[in-house]
**Student:** 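Have a look at this one.
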Amino acid sequence: MISERLAGVVERAINKATEEGKLGPLKNCPFPVSVERPRLPEHGDLAVGIALKLAGQAKMPPIKIAEVIADYIEKDEQAGAKNIERLAVAPPGFINFHLSTGWLEESLSEVHNKAEKFGALNIGEGRRVLVEYVSANPTGDLHIGHGRGAVYGSCLSNLFSFVGFAVEQEFYVNDAGVQIQQLGYCAWALYQRLQGRDVPYPEEGYPEDSLKHFLEPLVKEYGSSFLELDAEEGAKKLGELTKMTIMESQRKLLSRLGVNFNTWFSETSLHTSDAVTSVLKEFEKKQKSYESEGALWLKAKELGDERDRVLRKSTGVTTYLAADAAYHLDKYKRGFDQLVTIWGADHHGQVPGLKASVKALDLDAEKLEIILTQIVNLNREGQMVRMSKRAGTVVTLEEVMDEVGVDATRYYLAESNPQNPINFDLELAKRTSRENPAFYIQYAHARCCAILRKATEEQVNQESGATEKPVLSAEQLSEYLSEFKKKPDCFRAAFDPGHEVFQHQKALVQKLDSFPDEVREAAVTRLPGRMARYAYDVANDLQKFYEVSRVITDDLSVTKARLGLILATKQVLANALSLIGVSAPERM
RNA sequence: GCGCUCGUAGCUCAGUGGAUAGAGCCCCCGCCUUCUAAGCGGGUUGUCGUUGGUUCGAAUCCAACCGAGCGCGCCA
């Protein structure tokens, strides 16, 4: 990566300059040098604004600092080998680098060498992170909002894993408490009604239509064998069976969406294992709880919450918070270095309570990161598609996936940042044109594959109908592939420096080269959506390149070099798409 | 009322302390005898919600206000 190498050169210059006392009181470079790509071509290929950032500590005007650094870079003999053609200092204190094509060649060679590992980093250094997400109640179908959490969590997990963390993904199953009881009543009533018994359906329960399709297969399988049961036993039995059916359907659907969990953690298990009662004891022991009006309260207010929270109601039943505290204590005990919990934004009111409970247990609250995902609005032809669960008109995740496909579903849910609401346009997601970024990116990948096929497969002449032998033989191709890794200068023929088209050629390679930086940025900001937008940019740059630079030509060295460039582009597109879990098709 | 999130082009959204604030869509004009035109090029578009403050420098940080969404239970 050129920017990394360049950052090293700049940092060395700064350290040398500070050693010789040329940068005021500064001892060495206090923060990492970041290299950016200037917007305007006259500002060079790459630039650093470090002098602006050092101004305060060095107590010197930025422009002076830039001049000093530039001076040291020019004196650095190794710097010449970094493909720096010339550099310029520009106000208010930027150092602009103009580079030779050598760095483009090295970048391409690096992509070929690292292949599917290109862009992978080791920020995580093997540290263990647990990502908990979706965690829906097993009381109905998943809707598009769950889909967003699912896609976000899975993309973030992919990203963590790509930057060197050992990732585990977990689904917390809220299979305890009143909602499951409620499910039991509904299931029991529905079971009887489906067999002709005229019993009332619980008015306050889950909509009948939202459960019917889960009960029908149960009726098919068990027939009337449970009709004998009394109301209590019936609700328990049917509730349990329905819960299992729903969980299995959720698991299957998520798997189809490319979302797979290492563990499904049952809330019930926290109750049966006494984890909940023991966490309450722990609060008591640490004097972080007290009894009042017959209930047990967590002293949340002194730990950053706006008020204290109930852990055990006066009825003796523990609250959701108590179970969540026990659950998170369990996560800590499992020894993770980082815990990421993804919730729908409608649960943001619970964040201070959970944080307080973690602090009350003297656990490191810094390790626990709670990320909230905002709502998804479904659109069709500009009309809002309502998602009212009560009215029974809920649009399920499955319906969306059936309609627009898995790739488009994933792309649109992955693309935007979690703190912003999504407007998911069902019609746009189905479109096969440039307007639809999901399609456009895949088309770019398929186009790369088409060029490779064209170069290496037999072609049928349109006029004569005769079969023509491929431009490149299999032997030539494999020979080239190994040259791409070992001889960066074989890419030189891909470029036309000085020519108008060179800007497109350079832009594409620069974009490919910046992938590792983009990955780092996406990982540290927890915004995998950046990968989606990056892939779009690559696709766009590829199309521009394609338009002006013919790959298969009469000149074998040009064909070879450009084919190498196309294959590098295909690789980077595939890597970026794989991080967001969207497929990279060979043809379309 | 309090809290959280958000407010950037007609629309959908990037950009979160640095150069003249970007991209796509929409609209207009060009480009197919050549590897996928399902494409490409060019053009038009801004009180960065408002007002103050911090800073050499603010869309970005701080405060107040305006607007939108969500949340404020011994529900889960």
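Worth knowing before you read on, the calculation uses all heavy atoms, side chains too, and leaves out hydrogens, waters and symmetry mates. It should be emphasised that the depicted structure is a prediction, and the values quoted were computed from it without experimental measurement.
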**Student:** Could you give the distance separating B/C6 and B/C62 at their P atoms, to the nearest angstrom?
**Tutor:**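 My reading of the P atoms in B/C62 and B/C6 gives 11 Å.
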**Student:** Between A/Asn417 and B/A14, is there a contact of a side-chain N or O with OP1 or OP2 at under 4.0 Å?
**Tutor:**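 Affirmative; the distance criterion is met.
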**Student:** With a 6.0 Å cut-off (strictly less than), is the heavy-atom count around NZ of A/Lys64, excluding the residue itself, greater than 12?
**Tutor:**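 Incorrect, the count does not exceed 12.
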**Student:** Does B/C31 pair with anything, Watson-Crick or G-U wobble, both distances under 3.5 Å, and if so, with which nucleotide?
**Tutor:**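 Here B/C31 is engaged in a pair, and the nucleotide opposite it is B/G39.
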**Student:** If you assign A/Glu435 and A/Pro91 each to the RNA chain B nucleotide with the nearest heavy atom, which residue ends up on the more 5' nucleotide?
**Tutor:**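 Mapping each residue to its closest nucleotide by heavy atoms, the 5'-most match is A/Pro91.
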**Student:** Is A/His43 stacked against the base of B/A19, taking the criterion as centroid distance under 5.5 angstrom and interplanar angle under 30°?
**Tutor:**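 Yes, A/His43 stacks on the base of B/A19, since the ring centres sit under 5.5 Å apart and the planes are within 30°.
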**Student:** Considering only heavy atoms and no angle criterion, is a donor-acceptor pair shorter than 3.5 Å present between the side chain of A/Asn96 and the base of B/A19?
**Tutor:**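 Yes.
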**Student:** Spell out, as yes or no, whether a donor-acceptor pair under 3.5 Å connects the side chain of A/Arg431 to the backbone of A/Ser433.
**Tutor:**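 Not a single qualifying donor-acceptor pair exists.
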**Student:** Indicate yes or no: does A/Glu427 engage A/Lys430 in a salt bridge with an N to O separation below 4.0 Å.
**Tutor:**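 Between A/Lys430 and A/Glu427 there is a salt bridge, with a charged N closer than 4.0 Å to a carboxylate O.
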**Student:** Can you identify which nucleotide, out of B/C35, B/A14, B/A38, has its nearest atom closest to the A/Arg533 side chain?
**Tutor:**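 Within the option list, the nearest is B/A14.
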**Student:** For the base of B/G18 and the side-chain ring of A/Phe94, does the geometry meet a stacking cutoff of under 5.5 Å between centres and under 30° between planes?
**Tutor:**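 Whether judged by distance or by angle, A/Phe94 falls short somewhere, so it does not stack on the base of B/G18.
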**Student:** Starting from C1' on B/U36, measure out to NZ on A/Lys544 and report it in whole angstrom.
**Tutor:**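 Between C1' of B/U36 and NZ of A/Lys544: 19 Å.
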**Student:** Pick the C1' atom in B/G49 and in B/G41, then give their distance to the nearest Å.
**Tutor:**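 To the nearest whole Å, 36 Å.
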**Student:** Between B/C31 and B/U50, how far is it from one P atom to the other, in whole Å?
**Tutor:**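 After rounding to an integer number of Å, I get 43 Å for this pair.
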**Student:** Starting at OG1 of A/Thr319, measure out to CZ of A/Arg309 and round the result to the nearest 0.5 Å.
**Tutor:**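 Output value for this atom pair is 10.0 Å.
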**Student:** Is the phosphate of B/C13 approached by A/Asn423 (side-chain N or O, under 4.0 Å from OP1 or OP2)?
**Tutor:**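 Yes, A/Asn423 has a side-chain N/O under 4.0 Å of OP1/OP2 on B/C13.
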**Student:** A/Glu204 CD to B/A76 P: how many Å, rounded?
**Tutor:**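 That distance rounds to 16 Å.
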**Student:** Could you tell me how far B/U51 sits from B/G7 if I compare only their C1' atoms? Round to whole Å.
**Tutor:**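 Here B/G7 and B/U51 have their C1' atoms 16 Å from each other.
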**Student:** Have A/Asp496 and A/Gln505 got a donor and an acceptor in their side chains that come within less than 3.5 Å?
**Tutor:**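 Judged by distance alone, the side chains do pair up.
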**Student:** With both distances kept under 3.5 Å, what pairs with B/G71, Watson-Crick or G-U wobble?
**Tutor:**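 The answer is B/C2, by the H-bond criterion.
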**Student:** Is any side-chain N or O of A/His348 under 3.5 Å from a base N or O of B/G3, one able to act as donor and the other as acceptor?
**Tutor:**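 Answer is yes: a donor-acceptor pair is held.
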**Student:** How many whole angstroms separate atom OH of A/Tyr411 from atom P of B/C13?
**Tutor:**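 For the pair A/Tyr411 OH and B/C13 P, the rounded distance is 13 Å.
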**Student:** Considering only atom C1', compute the distance from B/U45 to B/G10 and round it to an integer number of Å.
**Tutor:**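 9 Å, rounded to whole Å.
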**Student:** Rounded to whole Å, please give me the gap between CG in A/Leu354 and P in B/G71.
**Tutor:**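 Computing the A/Leu354:CG to B/G71:P distance gives 19 Å.
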**Student:** Determine the interatomic distance between C1' on B/A68 and the same-named atom on B/G73; round to the nearest Å.
**Tutor:**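 Nearest-Å result for B/A68 against B/G73 at atom C1': 26 Å.
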**Student:** Let me spell it out: for each of A/Arg530 and A/Asn137, pick the nucleotide of RNA chain B with the closest heavy atom. Which residue's pick is nearer the 5' end?
**Tutor:**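 Closest to the 5' end, via its nearest nucleotide, is A/Arg530.
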**Student:** How many angstroms lie between NZ in A/Lys299 and OH in A/Tyr290, if you round to the nearest 0.5 Å?
**Tutor:**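 It is 8.5 Å, given to the nearest 0.5 Å.
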**Student:** What interatomic distance, in whole Å, is found between C1' of B/G1 and the corresponding atom of B/A59?
**Tutor:**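 That atom pair is separated by 31 Å.
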**Student:** Do A/Lys331 and A/Glu132 pass the salt bridge (Lys or Arg N to Asp or Glu O under 4.0 Å) test, and can you show the C-alpha distance, the side-chain angles, and the key distance before you say yes or no?
**Tutor:** CA-CA 10 Å; A/Lys331 288 186 183 176; A/Glu132 180 224 320; 2.7 Å; yes
**Student:** Under 3.5 Å, which N/O atoms of the protein pair with N/O atoms of nucleotides 66-68 of chain B?
**Tutor:**
none

**Student:** Tell me the interatomic distance from A/Asn174, atom CG, to B/A76, atom P, rounded to whole angstroms.
**Tutor:**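 So the two atoms are 11 Å apart, to the nearest Å.
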**Student:** I need the CG-P distance between A/Asp537 and B/G15, as an integer number of Å.
**Tutor:**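 Checked: the CG to P distance equals 12 Å.
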**Student:** Using atom CG of A/Asp346 as one end and atom P of B/C72 as the other, report the distance to the nearest whole Å.
**Tutor:**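 The distance from CG of A/Asp346 to P of B/C72 comes to 9 Å, rounded to the nearest Å.
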**Student:** Take the protein atom OH of A/Tyr443 and the nucleotide atom P of B/C35, then report the distance between them rounded to whole Å.
**Tutor:**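 Nearest whole value for this atom pair: 11 Å.
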**Student:** Should A/Phe439 be counted as stacked on B/A38, where stacking needs a ring-centre gap under 5.5 Å and an angle between planes under 30 degrees?
**Tutor:**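 Stacking is present between B/A38 and A/Phe439, given that their ring centres fall under 5.5 Å apart and the planes under 30°.
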**Student:** Using a 90° cut-off around 0 for syn, call B/C32 syn or anti.
**Tutor:**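 Judged by the O4'-C1' to base torsion, B/C32 sits in syn, the angle falling within 90° of 0.
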**Student:** Less than 3.5 Å between a donor and an acceptor, one on the side chain of A/Glu415 and one on the base of B/A14, is that the case here?
**Tutor:**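 Absent.
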**Student:** Output the distance between atom CG (A/Leu563) and atom CD (A/Gln476), rounded to the nearest 0.5 Å.
**Tutor:**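 One finds 11.0 Å between CG of A/Leu563 and CD of A/Gln476.
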**Student:** Spell out yes or no: do the side chain of A/Ser314 and the base of B/C74 have one donor N/O and one acceptor N/O closer than 3.5 Å?
**Tutor:**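 In this structure, the two groups form a donor-acceptor pair.
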**Student:** Could you give the distance separating B/C35 and B/G43 at their C1' atoms, to the nearest angstrom?
**Tutor:**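 Per the computed distance, 30 Å lies between those C1' atoms.
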